2 protein chains.
Amino acid sequence: MGIDLESASKSPSLGRVTLEDVAHLAKVSPATVSRCLNRPDSVNLDKRARVNQAIQTLGYVPHGAARALASKQSRMVGAVFPAIDNTLFGASLDAFQRTMADADYTVIVASSDYDPLREKQHVRRMLQSGIDALMLVGLVRDEETYELIGAHGIPYVTVWRLAGQQVHPAVGFDNRAAAQHLTDYLFSLGHERIGVLSGILEYNDRAQDRLAGVRDSYAKQGRTLADNHLIERPFGVEQGREMLRLIMSQETPPTAVVCGAEPLAYGAIFEAAAHNISVPGDLSVAAFDDTWLAGQISPKLTTVRTPNMEIGEEAAKYLIATLSGVQPPLPRPLETDLIIRESTGRPPAG
Amino acid sequence: MGIDLESASKSPSLGRVTLEDVAHLAKVSPATVSRCLNRPDSVNLDKRARVNQAIQTLGYVPHGAARALASKQSRMVGAVFPAIDNTLFGASLDAFQRTMADADYTVIVASSDYDPLREKQHVRRMLQSGIDALMLVGLVRDEETYELIGAHGIPYVTVWRLAGQQVHPAVGFDNRAAAQHLTDYLFSLGHERIGVLSGILEYNDRAQDRLAGVRDSYAKQGRTLADNHLIERPFGVEQGREMLRLIMSQETPPTAVVCGAEPLAYGAIFEAAAHNISVPGDLSVAAFDDTWLAGQISPKLTTVRTPNMEIGEEAAKYLIATLSGVQPPLPRPLETDLIIRESTGRPPAG
DNA sequence: CTGTTAGCGCATTCAA
DNA sequence: TTGAATGCGCTAACAG
């Protein structure tokens, strides 16, 4: 082309600064500049210096898309959560993003609203954007979503539960065991009727697992969970209040409730207070998550601490390792802790 | 090259399915396939049908990077928040992401931890990833960050406050006026000593504005905020508790406190309860945000509702409009509402 | 309305 | 170690 119409001192100033501009200024070939960017050690020291100098003065910024096209790597990863406007997934997203940023990955995020179809849409869009890897919550989803991911051949992790029989790599904890443990504790306190205030179970395998755990515990006692002691509503304080009203108006109300998530428990506690139901005097309340509020409200909430941040971080680490070629061992189950505080106690004497 | 070594029925199956594969199968030119994707109306109906059919059977997914390289548009936008693990910014991020997804944009997110340097890093990385537009919180930042954005010539919005004298487009509300209004209300109740429990002010112009608003209100009364009635700590319940202890141990403690954010107020309320300080009997507590908890705890919190979701949504709309060529009018200030509940009242008689 | 021709900016062969 | 050539997959003129 135009053999340096502009004398190699400055770029045409129309359009962005390209690698080629840098090459001109540094008086090396484009290939060398590329090497400086990707494998600096493979370049002569003073050339490298000249290139870096040129990059500096030109304010050169590599063009991600061009890079991705040529190298087949975008250094972008995706993450789809059921929701991102709450502390629970927020903590995970935050940790995920941090860990990825430290490894020089950029993260694309979206929320599915617990809807498999929306999730699929987001996955499709992300795949199209060229993500190198993907994080999803739970195992249950539209089968086509897995197919899409498979067709692109990118690594992925599922989080927030264990892999079970499945073949999908999973970073998470045993919701079922945790729920059983919590319920066992309630039985050990002397409760006989333990209700469940659950989130919507459909498409939410974590919630399903937790319910199963409660049932396991019931089974150990040779009992079964009464149908009218299980209520299901979307996560939210208001719903927690509503569910408490419903469950306490049964002919034989429970003396304890296990809540599928903390907002539900707060709702239950607030509503109980409004009805002069003493917690834990008349009713024990327990939940999952241990978010910032659990240890602050009164009564302080007995809850299962779930490793929210760890999940985000470990999931990111797993993907980073996979992307860098080392096949990491399958992630090991994360720990949960039953944190006993003030909202649970012995059942009322009657 | 190789003139259909494979008879146009199936792609080589090595490597991904490309637009060209689709073109072969549909017996049209690549350009036509491209048109089907981008401006379907400009293509003959039955050709379009053939192409869509081919896309379907081949499972073709466009290659974002290639597309971005050729069209100079990535359909990705960036958003950097000070934090993403809380309800406040989570709600904004959620709305932003939703609105963007509806317009077929993908969003890259990162959190800066209220650190301008981290923010700059994230912006740099995002720019490199090829974002078409960018959302940032507040106006105060490393000058170089603005330069970077300027050099790339992409549109951006700042959120969570007004533009002020600045030239940067802003979607937000008037923190200062809102804080003044809130403080005015407290004065109108008869308070004379109103303390401030603020977040860290450095690099946080929203917090600075709120403090300025409180000072404005003081000025209207011909008074000034006492130095020992202003405390500054990171956002958090624990910090709220600590600040309450500090401020109430002054020789002349305030009879009301304005908290820069809700977690601080919760901390203050919890700690007050622990010290048998009645709210609002002995001390009025007010704050900003009106998150889900404000109307639920007891006493219910008097707070300024801030338009968190609206901000995310409006910011997204503004960027979408700009990207689609129409120069939208500068966003108008969003409304805040003072929501008077139970945590504020007349000062104690003494 | 459709096909042909050129790149977009970079990484990566391959020779040297 | 370095440079020259080639193509990643797609869109955007340009002709027809």
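All values reported here derive from a predicted model rather than from experimental measurement. Because only heavy atoms are used, hydrogens play no part in the values below, and waters and symmetry mates are left out as well, while side chains stay in. Note on naming: letters A, B, ... go to the chains in the order of the sequence lines (proteins, then strands), and numbering restarts at 1 for each one.
- Looking at residues two or more places apart in sequence or on another chain, you find a salt bridge (charged side-chain N to carboxylate O under 4.0 Å, His left out) between A:Arg98 and A:Asp94, B:Asp113.
- Comparing B:Ala66 and B:Ala31 along DNA chain D, the residue whose closest nucleotide (by nearest heavy atom) sits nearer the 5' end is B:Ala66.
- In terms of position along DNA chain C, the nucleotide closest to B:Ser29 lies nearer the 5' end than the nucleotide closest to the other residue of the pair B:Ser29 and B:Ala70.
- To the nearest angstrom, C1' of D:dT11 lies 14 Å from CZ of B:Arg75.
- Residue B:Thr32 places at least one side-chain N or O closer than 4.0 Å to OP1 or OP2 of C:dG3.
- Taking the six-membered ring where the residue is Trp, B:Tyr146 and B:His168 present parallel rings, their angle staying beneath 30° rather than reaching 60°.
- Atom pair A:Tyr60:OH and C:dC10:C1' shows a separation of 7 Å (rounding to whole Å applied).
- Every residue two or more places apart in sequence or in another chain was checked for a salt bridge (charged side-chain N to carboxylate O under 4.0 Å, His left out) with B:Arg206, and none qualifies.
- Using a 4.0 Å heavy-atom cutoff across all strands shown, A:Pro30 reaches no nucleic acid atom at all.
- Here B:Lys72 does not reach the OP1 or OP2 of D:dC10: none of its side-chain N or O atoms lies under 4.0 Å away.
- Contact annotation: B:Arg67 reaches the phosphate of D:dT11 (side-chain N/O to OP1 or OP2, under 4.0 Å).
- Stem analysis of DNA chain D (at least three stacked-register Watson-Crick or G-U pairs, each with both distances under 3.5 Å) gives C:1-4 with D:13-16, C:6-16 with D:1-11.
- To the nearest angstrom, C1' of C:dG9 lies 14 Å from NE2 of B:His63.
- In this structure, A:Tyr203 has no ring-ring contact (aromatic ring centres under 6.0 Å, His included) partners at least two apart in sequence or on a different chain.
- Judged by distance alone, the side chain of A:Asp142 and the main-chain N or O of A:Pro116 form no donor-acceptor pair under 3.5 Å.
- A tilted orientation is assigned to the rings of A:Trp160 and A:Phe89, their planes being inclined by 30° to 60°.
- Of the residues in residues 34-55 of chain B, B:Ser34, B:Arg35, B:Asn38 come within less than 4.0 Å of DNA chain D through at least one heavy atom, sorted by number.
- When rounded to the nearest whole Å, the span between CG of B:Leu58 and C1' of D:dG9 equals 15 Å.
- Nearest heavy atom pair, residue B:Val77 against residue B:Ile131, reads C-CG2, 3.8 Å.
- Every residue was checked against the salt bridge (charged side-chain N to carboxylate O under 4.0 Å, His left out) condition with A:Arg50, not counting sequence neighbours, and none meets it.
- Here the side chains of B:Leu37 and B:Arg67 are in contact, with some heavy-atom distance below 4.5 Å.
- The nearest whole Å value for the distance from the CG atom in B:Leu69 to the P atom in C:dA6 is 18 Å.
- When rounded to the nearest whole Å, the span between CD of A:Gln73 and C1' of C:dT12 equals 13 Å.
- Summarising the geometry, the separation between CZ on B:Arg16 and C1' on D:dG9 is reported as 8 Å, rounded to the nearest angstrom.
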